[in-house]
Undergrad: 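Take a look at this one; I'll ask things after.
Reminder, nothing fancy here: chain letters follow the sequence lines and each chain counts from 1. Side chains included, hydrogens not; waters and symmetry mates left out as well; all remaining heavy atoms used.
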2 protein chains.
Amino acid sequence: MELRHLKYFMVIAEELHFGRAAQKLNISQPPLSQQLKQLENELQVKLFHRTNRSVEMTEAGKVFLENTYNLFNYLDYACETTRGVHRGEIGELTLGYSGSAVFDLLPTIIHSCNQHFPSLTLDMKQLTTSEQIKALEERKIQVGLLVPPIESPNLITEKIREEKLVVCLPKNHPLAQRRTQIDASELAAENFIMPPQQAGYGYYDAIKNIFEDASFTPNIVQTAKEQHTMVSLVAAGIGIVIVPEYTQFIKLDNVVYLPFNKHYPKITAMVWHKENKRPVVNRFIRVVQEQVIPRFN
Amino acid sequence: MELRHLKYFMVIAEELHFGRAAQKLNISQPPLSQQLKQLENELQVKLFHRTNRSVEMTEAGKVFLENTYNLFNYLDYACETTRGVHRGEIGELTLGYSGSAVFDLLPTIIHSCNQHFPSLTLDMKQLTTSEQIKALEERKIQVGLLVPPIESPNLITEKIREEKLVVCLPKNHPLAQRRTQIDASELAAENFIMPPQQAGYGYYDAIKNIFEDASFTPNIVQTAKEQHTMVSLVAAGIGIVIVPEYTQFIKLDNVVYLPFNKHYPKITAMVWHKENKRPVVNRFIRVVQEQVIPRFN
DNA sequence: ATTATTGATATCTTAAAAATATCATTCAGG
DNA sequence: CCTGAATGATATTTTTAAGATATCAATAAT
């Protein structure tokens with residue numbers, strides 16, 4: 001059985017006339033009779049009662065016709081879905097993101113995808129930069145939002161935005177009263193909370209760069225992975241912490257955020273695997289490039 | 001696109017190797033490559049990534065494979081259903097029946113069909129004999145259970161069973177005290193309730209036959225279509241009525257049923273259209289012939 | 001009785017599927 | 001770095017089967 005047989009059968013069923021059906025199919029009548037006969041032989045079912053004067057459907061024919069229509073509809077649907085996947089318009093991908101993307105970047109991406117990429121199913125996983133690099137290599141996630149630099153030669157990095165680093169300190173801290181810009185050297189004597197180095201070099205190095213700029217070696221009293229944790233430790237008076245500016249969305253009663261008098265940037269980048277073969281991933285990247293990155297620059 | 005393309009695609013997807021897939025399909029490798037290429041061209045979608053060393057599915061290919069499996073499953077189902085309809089194993093029909101079939105015949109038929117014809121959907125309509133004949137001619141019902149004789153040359157009749165006619169009279173009637181067999185002539189002076197003649201000749205004639213046998217002209221005071229109605233009228237003292245024996249299932253406090261001292265039969269028959277083309281109808285008739293009729297004889 | 005209509009059949013033609021032979025690329029092993 | 005095995009693609013020929021033409025048989029309308 002081939003789809004040709006089914007197509008011919010449908011047209012005969014529409015016309016109930018072999019001659020007209022053949023015309024509609026741009027073939028002559030005899031092969032049409034033959035093809036239908038083949039179909040009936042294979043099914044072992046007569047699909048039409050036919051005398052030399054008239055054609056009418058059998059009960060079984062009616063049922064088979066119904067099913068044939070469904071089959072072709074399903075085939076159309078299957079082809080369209082497949083094309084959609086090919087063009088990257090349909091599909092799912094897993095996005096890794098570091099904590100600092102939660103406040104503004106992630107909502108913007110989700111919103112843009114809802115608008116420009118409605119048939120994307122976006123799974124999301126919060127991971128540190130190093131976890132993301134591993135996950136990208138292992139194809140557990142397809143795209144990561146993290147803090148560069150990254151080493152891997154298999155991964156492509158594209159900068160999304162730059163955040164200023166700010167200092168977060170308890171409200172009752174002497175510097176907090178000033179409510180003005182801070183010079184890094186003023187922090188020389190402080191106790192610092194730091195992100196763990198193994199979570200990723202980018203953020204860690206951006207902070208270390210500040211210390212180098214101010215020429216002092218910080219006194220590190222605690223490490224913490226999550227932004228929330230770090231800010232809570234500040235509130236508890238354990239020490240102070242340098243965070244990207246959007247962490248200011250975390251508002252606690254007894255912490256304040258103050259800017260530096262110099263621009264210390266922390267970069268957030270989108271990263272993906274060089275040898276990606278999934279169209280949906282390429283399209284997602286394009287949507288971020290075209291819709292999201294411009295809003296942050 | 002033809003089913004051949006899809007079959008080939010599935011085997012390539014299974015093997016991920018053109019040579020082995022071709023072997024499995026009993027064709028050589030080059031035509032397999034070509035057919036797949038045709039499919040990909042028609043879809044405008046690459047279904048496999050292939051280097052000269054390896055074959056792997058694309059995202060779109062995976063989706064199309066899934067759909068292809070579904071398509072073939074559906075096709076199998078469609079063919080099986082169609083064959084079932086052809087053999088008369090699947091389908092629905094409408095059965096007409098006269099009131100007197102309700103008590104024993106109809107339940108037996110339903111039970112037999114549930115057992116021996118489970119995928120039959122049986123619609124049922126209570127109709128008089130004449131209504132059934134009309135409905136059979138108009139193909140509104142496919143089989144009827146009625147009281148012969150019938151005239152139409154297009155209809156085939158087969159006797160199912162014979163019932164004795166009995167007389168139904170009020171408990172306080174003088175004859176009711178006897179509780180023995182009645183001679184028809186004893187009823188000469190009674191008031192009679194009769195079925196309307198236009199409901200069908202069979203039952204009416206069977207009763208008329210009794211009057212002729214006893215050589216009197218009955219005094220008809222009322223007509224009624226339904227057995228229930230007739231018996232209720234007897235209970236109300238309007239008159240007496242002659243009914244088939246299974247009407248005794250209708251038990252009212254102040255009516256009794258008495259047999260005749262002669263056998264006055266009423267026949268119930270199965271009737272269907274001579275030019276029936278629906279396999280399900282033939283099969284139903286066969287089930288009744290083989291399963292139901294023997295139980296009543 | 002005659003003719004037009006309609007699906008089936010027989011035979012021939014053509015298109016396309018499949019086979020054969022060969023090529024290009026790549027990777028393994030020396 | 002070369003050689004050979006593995007593998008999918010390409011070119012060409014062969015075979016299969018779809019389709020065309022001519023014709024028939026049966027039926028219904030005139």
Undergrad: What is the separation between atom CD on A:Glu56 and atom P on D:dT27, rounded to the nearest whole Å?
TA: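 Answer to the nearest Å: 15 Å.
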Undergrad: Between B:Leu16 (CG) and D:dA6 (P), how many Å, whole number?
TA: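 So the two atoms are 19 Å apart, to the nearest Å.
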Undergrad: In whole angstrom, what separates A:Phe48's CZ from C:dT6's C1'?
TA: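 To the nearest whole Å, that distance equals 15 Å.
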Undergrad: A:Leu36 CG to D:dA18 C1': how many Å, rounded?
TA: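 The distance from CG of A:Leu36 to C1' of D:dA18 comes to 15 Å, rounded to the nearest Å.
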Undergrad: Using a strict cut-off of less than 4.0 Å between a Lys/Arg side-chain nitrogen and an Asp/Glu carboxylate oxygen, indicate whether B:Glu40 and B:Lys37 qualify as a salt bridge.
TA: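 Judged by the 4.0 Å cut-off on N to carboxylate O distance, B:Glu40 and B:Lys37 do not form a salt bridge.
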Undergrad: Taking only side-chain N and O atoms of A:Lys37, does any of them lie within less than 4.0 angstrom of OP1 or OP2 on C:dT9?
TA: yes
Undergrad: Aromatic ring centroids of A:Tyr77 and A:Tyr74 under 6.0 Å?
TA: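 They qualify: ring centres under 6.0 Å apart.
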Undergrad: Would you call the rings of B:Phe64 and B:Phe9 parallel, tilted or perpendicular, taking 30° and 60° as the class edges?
TA: tilted
Undergrad: Closer than 4.0 angstrom, basic N to acidic O: yes or no for B:Lys24 and B:Glu14?
TA: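 Salt bridge present between B:Lys24 and B:Glu14.
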Undergrad: How close or far is atom C1' of D:dA17 from atom CE of A:Met1, stated in whole angstroms?
TA: 17 Å
Undergrad: Roughly, in whole Å, what's the span from CD in A:Glu15 to P in C:dG7?
TA: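 Those two atoms, CD and P, are 11 Å apart.
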Undergrad: Considering just the side-chain nitrogens and oxygens of A:Ser33, establish if one lies under 4.0 Å of OP1 or OP2 belonging to C:dG7.
TA: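 For C:dG7, OP1/OP2 do not have a side-chain N/O of A:Ser33 under 4.0 Å.
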Undergrad: Show me the donor-acceptor pairs within less than 3.5 Å that the side chains of residues 282-294 of chain A make with the rest of the protein, sequence neighbours left out.
TA:
from	atom 1	to	atom 2	distance (Å)
A:Asn282	OD1	A:Asn276	ND2	3.0
A:Gln289	NE2	A:Glu158	OE1	2.6
A:Gln291	OE1	A:His116	NE2	3.4

Undergrad: In the 5'-to-3' direction, what one-character label does each nucleotide of nucleotides 12-21 of chain C receive under the scheme B = base within less than 4.0 Å of a protein heavy atom, S = sugar-phosphate only, - = no such atom?
TA: -----SBBBB
Undergrad: What I want to find out is whether A:Glu89 reaches A:Arg83 closely enough, with some N-O distance under 4.0 Å, to be called a salt bridge.
TA: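 Salt bridge: no.
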